[in-house]
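Since we're looking at a predicted model, the values are computed, not measured.
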Amino acid sequence: MAGPHQQYHAISKPVTANFPFFKKINLYTFLLILFLCTFSYLFGSWRNTIVSIPCDPSKPTTTVTEEGKSLDFATHHSAGDLDVTLTSEVRTYPSCNVNLSEYTPCEDPKRSFKFSRHQLIYEERHCPEKGELLKCRIPAPYGYRNPFTWPASRDYAWYNNVPHKHLTVEKAVQNWIRFEGDRFRFPGGGTMFPNGADAYIDDIGRLIDLNDGSIRTAIDTGCGVASWGAYLLSRNVLTMSFAPRDNHEAQVQFALERGVPALIGIMASKRLPYPSRAFDMAHCSRCLIPWADFGGQYLIEVDRVLRPGGYWILSGPPINWKTHWKGWDRTEDDLNDEQNKIETVANSLCWKKLVEKDDIAIWQKPINHLNCKANRKITQNPPFCPAHDPDKAWYTNMETCLTNLPEVSTNQDVAGGELPKWPERLNAVPPRISRGTLEGITAETFQKDTALWNRRVSYYKAVNNQLEKPGRYRNILDMNAYLGGFAAALINDPLWVMNVVPVQASANTLGVIYERGLIGTYQDWCEAMSTYPRTYDFIHADSVFSLYDGRCEMEDILLEMDRILRPEGNVIFRDDVDVLVKIKKITDILNWDSRIVDHEDGPHQREKLLFAVKAYWTAPADHQKESTTSS
């Protein structure tokens, strides 16, 4: 553990100088200099007898840079070596109670029940106040193991990592999940696709083209264990899956153990934490969202996040109700009325119903609003929204007005600009940039940022060779993603990146990230993320702590990182060296192994990197048990 007054020191090259002999010297001057030198030496020796802090020679001490300079980053002194009168108390972060092993601070059921049941508001984010924040480390369950590597993880997860069997019974007929010895198996089934997600996606692919690259980003509302998103990955479609923390035990947690992108979330009273025009396709398979209720605001919200020309796919009640109404335990009139209401709301959004075949119905959003605005002269329901920011989506209330699309000149123009097909869209200049809608960010800025992150990721891999090993990391978090350059540089590796744009960032660039064919979310890092403990294998934190300096406590952000990072997970911090030294003092207490290394441009840059590894540890063996509480 670092001493409380430990400071960062770079060992620079010694300065040498040649002094000429004095040809003429004054005897009195010489004696005065000799006296002063002798006095200084004796005084210094006397001072050193007051506090003696021995070094610990057992610890590694140096890192050698490319220029041959030795940089001393290790701790040489322990707190026990210091006189107690000269130190302040050292903070510790003990293990939390094992009952908190699946703690989600902003979706805590105990806190949630204090809020209104209306529109399921109680299942939205409700974060603890500052005085309620835990100052302990969330333990992994006893027997926790590193997840299976992708693609095996799509089909298997260790039981000890998510010790919940409830879904294996409740969803047995629907083929969601099965318990087999020490692991779970995911057959790929779902409520409306018991024959498997692959076959279900093939059915969708016969109705719309999933293979030509025009559909890259998707959102799955009420995702279950995210089998739809898991099987779309083989078709180069990247899905953001979400579901609430409710009585379907740990469904999002299972998705993350499988290596599939997912967040805890719900359609209630707040906008989804994504920008407008983000997704090429939205999906609901018996997600039980009341689409036509509350003035149709849930379909209106889907319209906001759908890209012009994007698709909405609905399967399950009320689609094909004439076949299934008895099994759904609902009356024919009730189901027919629900479908008519959904059709009415979809028509009011100017959507076109493309097809309804068997259990699947598909609507398409228009590519622009020219005709839609003309029709609004006849009907005003729902009206177009007044001037507002359609990308604002952090604790922002849903609205019952239609989000305006960017203006176009002709009926054939795609509002906001047409996107290239995947994979060309990854490195093409996004329309939000080429059209000048982000102040100060130009095509040249984008191209330089792309090249910069290609170089930086190459350097990361040179320092941490684990990054080059396929399968070592699957779930990646970029805490301050900017234009998504870090994720783009990793695109050929078998992993996915959750790109976060902090709400405090100087520019809202999340729309650009989606236009590149990547996914992400908004987040305030003074609060907990809407995800389970042990979500990510790797976290990238570029200038996060400089951004949040003075906004909230460094230790709280680091404790949240510790919560969502898996045992033996890795972190790269990039920040000013003084900030990194403060971070390292806390990560040492968290029992992370870490080293500060030079910037990719050499040792003379103030910005440096801190590479860290979270230690493996779990709850004690005597706490091993299956959780019986709902998650």
Side-chain angles (χ1 to χ4, degrees), residues 147-148 150-157 162 167 171 174-177 184 186-193 195-205 208 210-211 215-244 248 250-267 272-274 278-287 289 302 305-307 310-316 360 362 422 474-477 487 491 494-499 514 517-521 530-532 535-536:
F148 289 90
W150 184 265
S153 65
R154 187 192 68 179
D155 302 326
Y156 295 98
V162 193
L167 278 179
K171 300 296 182 180
Q174 299 167 10
N175 259 344
W176 276 32
I177 182 173
F184 293 107
F186 302 92
T191 306
M192 292 308 301
F193 39 94
N195 295 325
D198 230 12
Y200 174 73
I201 293 169
D202 285 341
D203 290 339
I204 295 173
I208 57 176
L210 296 175
N211 298 312
I215 296 176
R216 165 61 180 175
T217 55
I219 185 169
D220 192 7
T221 56
C223 63
V225 294
S227 287
W228 190 71
Y231 281 84
L232 276 172
L233 286 167
S234 63
R235 295 162 171 83
N236 280 323
V237 177
L238 192 56
T239 304
M240 176 69 77
S241 300
F242 75 86
H248 280 175
Q251 51 187 327
V252 167
Q253 193 175 17
F254 278 121
L256 293 164
E257 280 295 308
R258 299 177 72 183
V260 180
L263 286 170
I264 300 171
I266 190 169
M267 298 196 80
L272 299 174
Y274 316 114
F279 300 100
D280 300 305
M281 178 169 60
H283 174 255
C284 162
S285 175
R286 200 172 186 180
C287 60
I289 295 172
V302 170
V305 299
L306 261 187
R307 194 158 287 144
Y311 302 98
W312 182 56
I313 301 170
L314 176 64
S315 65
I360 299 171
I362 302 178
W422 182 262
R474 174 64 185 172
N475 302 0
I476 312 294
L477 172 67
I491 199 65
L495 52 81
W496 58 269
V497 179
M498 183 68 72
N499 294 280
Y514 274 95
L518 306 171
I519 59 171
T521 185
S530 290
T531 193
Y532 281 89
T535 288
Y536 295 104

Engineer: Of the non-hydrogen atoms in Cys284 and Thr221, which two are nearest, and what is the gap between them?
Structural biologist: CB-OG1, 3.6 Å
Engineer: Ala226 and Arg258: which non-hydrogen atoms are nearest, and at how many Å?
Structural biologist: C-NH1, 4.0 Å
Engineer: Using a 4.5 Å cut-off on heavy atoms from C-beta on, say whether the side chain of Leu238 contacts that of Leu233.
Structural biologist: yes
Engineer: Please find the pair of heavy atoms, one from Thr531 and one from Leu256, that lie closest to each other, and give the distance.
Structural biologist: OG1-CD1, 3.3 Å
Engineer: Taking side chain as C-beta onward, heavy atoms only, is Phe186 less than 4.5 Å from Val260?
Structural biologist: no
Engineer: What is the distance from atom CD1 of Ile204 to atom CG of Leu210, rounded to the nearest 0.5 Å?
Structural biologist: 7.0 Å
Engineer: Looking only at heavy atoms, which two atoms of Tyr532 and Ala250 are closest? And how far apart?
Structural biologist: OH-CA, 3.8 Å
Engineer: If the plane angle is over 60° it's perpendicular, under 30° parallel, otherwise tilted; pick one for Tyr200 and Phe193.
Structural biologist: parallel
Engineer: So, taking the atom named CG in Leu518 and the one named CE in Met498, what distance separates them when rounded to the nearest 0.5 Å?
Structural biologist: 11.5 Å
Engineer: Please report the interatomic distance CG(Asn475) to CD(Glu257), rounded to the nearest 0.5 Å.
Structural biologist: 8.5 Å
Engineer: Ignoring hydrogens, what is the shortest heavy-atom contact between Val162 and Phe184? Give both atom names and the distance.
Structural biologist: O-CE1, 3.2 Å
Engineer: With rounding to the nearest 0.5 Å, note down the distance linking CD1 in Ile313 to OH in Tyr311.
Structural biologist: 9.5 Å
Engineer: Any donor and acceptor pair, going by atom type alone, linking the side chain of Trp496 with main-chain N or O of Gly259 inside 3.5 Å?
Structural biologist: yes
Engineer: Minimum heavy-atom separation for Trp312 and His283, please, with both atom names.
Structural biologist: CD1-N, 4.5 Å
Engineer: Distance check, rounded to the nearest 0.5 Å: Ser530 atom OG versus Ile266 atom CD1?
Structural biologist: 11.5 Å
Engineer: Mind checking whether Tyr274 and Phe242 have parallel, tilted or perpendicular rings, split at 30° and 60°?
Structural biologist: tilted
Engineer: Quick check: do Val302 and Ile219 have side-chain heavy atoms less than 4.5 Å from each other?
Structural biologist: no
Engineer: Are any side-chain N or O atoms of Asp220 and backbone N or O atoms of Thr239, one a donor and one an acceptor, separated by less than 3.5 Å?
Structural biologist: no
Engineer: Once rounded to the nearest 0.5 Å, what's the spacing between atom CD1 of Ile519 and atom CE of Met240?
Structural biologist: 4.5 Å
Engineer: Within the side chain of Arg216, is there an N or O that forms a donor-acceptor pair under 3.5 Å with the backbone of Trp422?
Structural biologist: no
Engineer: Which residues pass the side-chain hydrogen bond (donor to acceptor under 3.5 Å, both in side chains) test with Asp198, sequence neighbours left out?
Structural biologist: Arg235
Engineer: Mind checking what makes salt bridge (Lys or Arg N to Asp or Glu O under 4.0 Å) contact with Asp280, not counting sequence neighbours?
Structural biologist: Arg307, Arg425
